[in-house]
Each structure stands twice: as C-alpha cells, then as structure tokens.
*Asks:* 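Sharing a structure here in structure tokens format.
Computed from a predicted model, the values in this text were never measured in an experiment.
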Amino acid sequence: MKQKIAILGGGNLGRSIAEGLLEVEGFSPEAMQVTRRKAKYLQDLADRGVHTHSDNARAVRESEVIIAAVQPSQMPGVLAQVRAELDPQRHTLISLATGLTLAEIREHTHAELPVYRAMPNTAVALRESMTCICTEDQDAARKAMVKELFAHLGESILIEEPLMASATVLGACGIAYVMRFIRAASQGGVQIGFDADLAQMIVTQTVKGAAALLQEGGLHPEQEIDKVTTPRGCTIAGLNEMEHRGFSSSMIKGITTSHNKIADI
C-alpha cells in the first residue's frame with residue numbers, strides 16, 4: 001500500500017483499522033494519521049510511529065485516502081472541519097457511518113469528490129473483517145484500490161448501496177450475534193462439566209473450524225450438518241430441541257429487527 005491514509009476518529013473501529021493496517025507487510029506507520037479529540041488515548045499508536053493528533057484538517061491535508069470513522073451524528077461536523085482541505089483530484093473519502101447515504105455525505109463535501117461507504121467489523125484489527133463497500137464512483141482503478149485496502153484487513157466485496165443496511169446487520173452486528181452464541185454454548189459447556197475457560201476454548205475453536213469448512217469446502221451448512229448427524233444420535237436430538245425452542249426463528253427475527261432499527265435511524 002502506497003497511499004497516505006488519514007483515519008478521522010480513533011475510537012474502537014478507527015483504532016481497529018489502524019491496528020490492522022500496521023500489520024500489513026510493507027505499510028509504513030508514517031503513512032498513516034489517526035485523529036481523536038483526546039489524542040492522548042492514541043499514545044500506543046504514536047509509539048508505533050503513527051502520526052496521532054486532534055487536527056482533522058491537517059490529517060486530510062497530509063493524506064490521500066480519508067477514512068471517516070465517526071458516528072453518523074458527528075459526520076456533518078467533521079466534514080465541515082475538513083471541507084476546505086478536500087481535493088477531488090487527490091482525495092478519496094471513505095465513510096464508515098451507518099445509515100448515511102452517499103448523497104448525504106456529498107452534501108457536506110464536493111459534488112465531484114470520490115465518495116465510498118464501507119462497513120467493516122471489529123475483526124478488522126486481526127485482519128479478519130468482512131467489509132462491504134459501495135460507491136457511485138466510475139473510476140475502476142480507484143474502486144480496485146479501495147477494495148484492496150480492505151482486502152488487506154480480511155475479505156472485501158463491492159455491493160449496491162441499497163444493501164448497505166443489510167451488510168451492516170449481517171457483517172457488523174453479526175459479530176455480536178456470534179459472540180452471543182459462543183457465550184451461550186460456553187455456558188452449556190460449563191453445565192455439562194467443563195470449567196469456563198476450557199469450555200470457551202472448545203467452543204471458539206469449533207466455531208472457527210465450522211467457518212473454515214464452509215469457506216474452504218463451499219458446501220451448504222445443511223450438508224455439513226448431515227455429516228455429523230446419525231439416526232437417533234445426540235447431535236440430531238440437540239438440534240431438534242434447539243429448533244423446538246426457536247433457535248433459527250429467533251436468529252432470523254433478531255437480524256430483521258436490527259435491520260428495521262437501522263431504517264428508523
């Protein structure tokens with residue numbers, strides 16, 4: 001990666017992106033700036049060579065790719081601070097704000113500025129994020145650059161903007177859903193005899209293995225389930241009890257409820 005990058009907003013997500021980029025081979029910490037109102041909370045990044053401060057305008061002025069990692073309510077104010085520094089010929093703006101459309105973002109910048117929306121999740125710090133990206137930019141090379149940036153941090157795909165709310169729920173909120181499953185499964189492990197740490201270790205590795213089977217094998221989840229269910233066996237008994245208690249329907253309902261909440265924001 002050769003672009004100079006500014007991350008406006010060194011909170012949980014912005015920090016995670018910075019930490020992930022620092023692990024990319026060949027990426028120089030000096031090519032990145034991270035801002036936060038209280039820059040002292042970014043000292044660990046500064047110790048690794050990242051330029052950390054609270055001046056958003058300076059960060060934009062000295063960078064090429066701008067990642068705005070702030071809350072939707074904060075975005076208009078942040079963009080107002082940097083508008084005069086944004087150069088449509090030099091800058092690419094990437095918004096991570098949930099719910100703010102490309103058109104709404106452009107209202108606070110320049111009509112000609114290349115604008116992207118991206119939705120990574122917090123696994124970006126480990127370079128294991130699933131990042132969905134949308135844009136109206138027609139520059140193929142720039143689209144490839146943005147996609148590659150997030151591909152360094154996990155998997156990245158380009159989607160249509162109407163699907164961004166759905167991507168937020170499935171990919172970003174999805175981290176919390178999986179964590180809740182791991183927590184519940186670990187509690188079940190304690191109830192059947194393991195101590196808490198060992199139960200969590202077994203469950204997390206099992207989740208990792210299950211995901212790898214689907215990613216590398218390309219089969220449908222039900223095909224993998226069929227491999228471990230036998231007539232009158234313990235697996236099918238447990239699955240049937242979970243379904244009887246509403247496991248799948250609860251998951252689907254939770255996802256649609258989160259999606260509806262985004263629509264209300």
*Asks:* Is it true that, when you exclude Arg90 itself, more than 12 heavy atoms of the residues, nucleotides or ligands shown sit nearer than 6.0 Å to its CZ?
*Replies:* yes
*Asks:* Do Leu22 and Leu45 have side chains that get closer than 4.5 Å, going by heavy atoms?
*Replies:* yes
*Asks:* Is it true that, when you exclude Gln71 itself, more than 12 heavy atoms of the residues, nucleotides or ligands shown sit nearer than 6.0 Å to its CD?
*Replies:* no
*Asks:* Which atoms form the tightest heavy-atom contact between Ile262 and Ala165, and what is the distance?
*Replies:* CD1-O, 3.7 Å
*Asks:* Looking only at atom types and distance, does a side-chain atom of His220 sit under 3.5 Å from a main-chain N or O of Glu222, one as donor and one as acceptor?
*Replies:* yes
*Asks:* Would you say Glu64 has more than 12 foreign heavy atoms packed within less than 6.0 Å of its CD?
*Replies:* yes
*Asks:* Examine Tyr116 and Leu100 and state if one hydrophobic cluster contains both, with Ile, Leu, Val, Met, Phe, Trp and Tyr joined whenever side-chain heavy atoms are less than 4.5 Å apart.
*Replies:* no
*Asks:* Is Leu153 close to Thr131 at the side-chain level, that is, under 4.5 Å between some pair of heavy atoms?
*Replies:* no
*Asks:* Does atom CD of Gln74 have more than 12 heavy-atom neighbours from other groups under 6.0 Å away?
*Replies:* yes
*Asks:* Answer yes or no: is there an ion pair linking Asp139 with Arg142, defined by an N-O contact shorter than 4.0 Å?
*Replies:* yes
*Asks:* Write down the atom of Ala172, the atom of Asn121, and the distance for their closest heavy-atom approach.
*Replies:* CA-CB, 3.8 Å
*Asks:* What's the shortest heavy-atom distance between Pro114 and Asp137, and which atoms?
*Replies:* CB-OD2, 4.0 Å
*Asks:* Looking only at non-hydrogen atoms, find the nearest pair between Ile5 and Phe27 and report the distance.
*Replies:* CD1-CE1, 4.1 Å
*Asks:* So do the side chains of Lys253 and Thr256 get within less than 4.5 Å of each other, counting heavy atoms only?
*Replies:* yes
*Asks:* Check whether Val70 and Leu13 end up in the same hydrophobic cluster, where Ile, Leu, Val, Met, Phe, Trp and Tyr are linked by side-chain heavy atoms less than 4.5 Å apart.
*Replies:* no
*Asks:* Shared ILVMFWY cluster between Phe150 and Ile159, side chains joined below 4.5 angstrom?
*Replies:* no
*Asks:* Should Leu96 and Met119 count as side-chain neighbours, where that means a heavy-atom distance under 4.5 Å?
*Replies:* no
*Asks:* Give a yes or no on whether Lys143 atom NZ has more than 12 heavy-atom contacts from other residues, nucleotides or ligands under 6.0 Å away.
*Replies:* yes
*Asks:* Are Leu79 and Glu107 side-chain neighbours, meaning at least one heavy-atom pair lies under 4.5 Å?
*Replies:* no
*Asks:* For atom CD of Gln89, is the number of surrounding heavy atoms from other residues, nucleotides or ligands below 6.0 Å larger than 12?
*Replies:* no
*Asks:* Looking at Asn12, I'd like to know if its CG atom is crowded, meaning that more than 12 non-hydrogen atoms belonging to other residues, nucleotides or ligands lie closer than 6.0 Å.
*Replies:* no
*Asks:* I want to check something: taking the side chain as every heavy atom from C-beta on, are Leu8 and Gln33 in contact at a cut-off of under 4.5 Å?
*Replies:* no
*Asks:* Are the side chains of Met75 and His108 in contact, using a 4.5 Å heavy-atom criterion?
*Replies:* no
*Asks:* Test Ile17 against every option in Val124, Ile94, Thr122 by the side chain to side chain contact (heavy atoms under 4.5 Å, CB included) rule and name the one that passes.
*Replies:* Val124
*Asks:* If hydrophobic clusters are built from ILVMFWY residues whose side chains come within less than 4.5 Å, do Val60 and Val65 share one?
*Replies:* no
*Asks:* Do you know the tightest heavy-atom contact between Ala69 and Gly14?
*Replies:* CB-CA, 3.9 Å
*Asks:* Show which residues join Val178 in its hydrophobic cluster (side-chain heavy-atom contacts under 4.5 Å, direct or indirect), or state none.
*Replies:* Phe181, Ile182, Val203, Val207, Met242, Phe247
*Asks:* Give a yes or no answer on whether the side chain of Arg36 reaches the backbone of Tyr41 with a donor-acceptor pair at less than 3.5 Å.
*Replies:* no
*Asks:* Side chains of Val50 and Leu42, heavy atoms from C-beta outward: is any pair under 4.5 Å?
*Replies:* no
*Asks:* Give a yes-or-no answer on whether the side chains of Glu243 and Ser248 include a donor-acceptor pair shorter than 3.5 Å.
*Replies:* yes
*Asks:* Does atom OH (Tyr177) have a neighbourhood of more than 12 heavy atoms from anything else shown, all under 6.0 Å?
*Replies:* yes
*Asks:* Given Ser156 and Ile133, is the side-chain contact (heavy atoms from CB on, under 4.5 Å) satisfied, shown in steps?
*Replies:* CA-CA 7 Å; Ser156 64; Ile133 305 162; 4.1 Å; yes
*Asks:* Could you measure the distance from the NZ atom of Lys4 to the NE2 atom of His51? Nearest 0.5 Å is fine.
*Replies:* 8.0 Å
*Asks:* Nearest 0.5 Å please: distance from the CD atom of Gln3 over to the CD1 atom of Ile66.
*Replies:* 11.5 Å
*Asks:* Under a single-linkage rule joining Ile, Leu, Val, Met, Phe, Trp and Tyr whose side-chain heavy atoms are separated by less than 4.5 Å, which residues share a cluster with Val190?
*Replies:* none
*Asks:* Assigning hydrophobic clusters by single linkage (Ile, Leu, Val, Met, Phe, Trp, Tyr; side-chain heavy-atom cutoff under 4.5 Å), is Met32 placed with Met145?
*Replies:* yes
*Asks:* Is the closest basic N to carboxylate O distance between Glu161 and Arg117 below 4.0 Å?
*Replies:* yes
*Asks:* Between the main-chain N or O of Ser63 and the side-chain N or O of His91, is there a donor-acceptor pair closer than 3.5 Å?
*Replies:* yes
*Asks:* Answer yes or no: is there a donor N or O on one side and an acceptor on the other, between the side chain of His244 and the main chain of Asn240, under 3.5 Å?
*Replies:* no
*Asks:* Can you give me every donor-acceptor pair (side chain of residues 227-237, partner residue at least two apart or in another chain, under 3.5 Å) with its distance?
*Replies:*
| unit_1 | atom_1 | unit_2 | atom_2 | d |
| --- | --- | --- | --- | --- |
| Thr229 | OG1 | Ile225 | O | 3.3 |
| Thr229 | OG1 | Asp226 | O | 3.4 |
| Thr235 | OG1 | Val228 | O | 3.1 |

*Asks:* How far does CG of Leu170 sit from CE of Met130, to the nearest 0.5 angstrom?
*Replies:* 10.0 Å
*Asks:* So, His110 side chain and Leu86 main chain: donor-acceptor pair closer than 3.5 Å or not?
*Replies:* yes
*Asks:* Taking all heavy atoms of Ser166 and all of His259, pick out the closest pair and write down the distance.
*Replies:* OG-NE2, 3.3 Å
*Asks:* Just by modelled atom types, is the Ala123 backbone N or O under 3.5 Å from a matching donor or acceptor in the Ser129 side chain?
*Replies:* no
*Asks:* So, are Arg106 and Glu136 salt-bridged, with charged N and O less than 4.0 Å apart?
*Replies:* yes
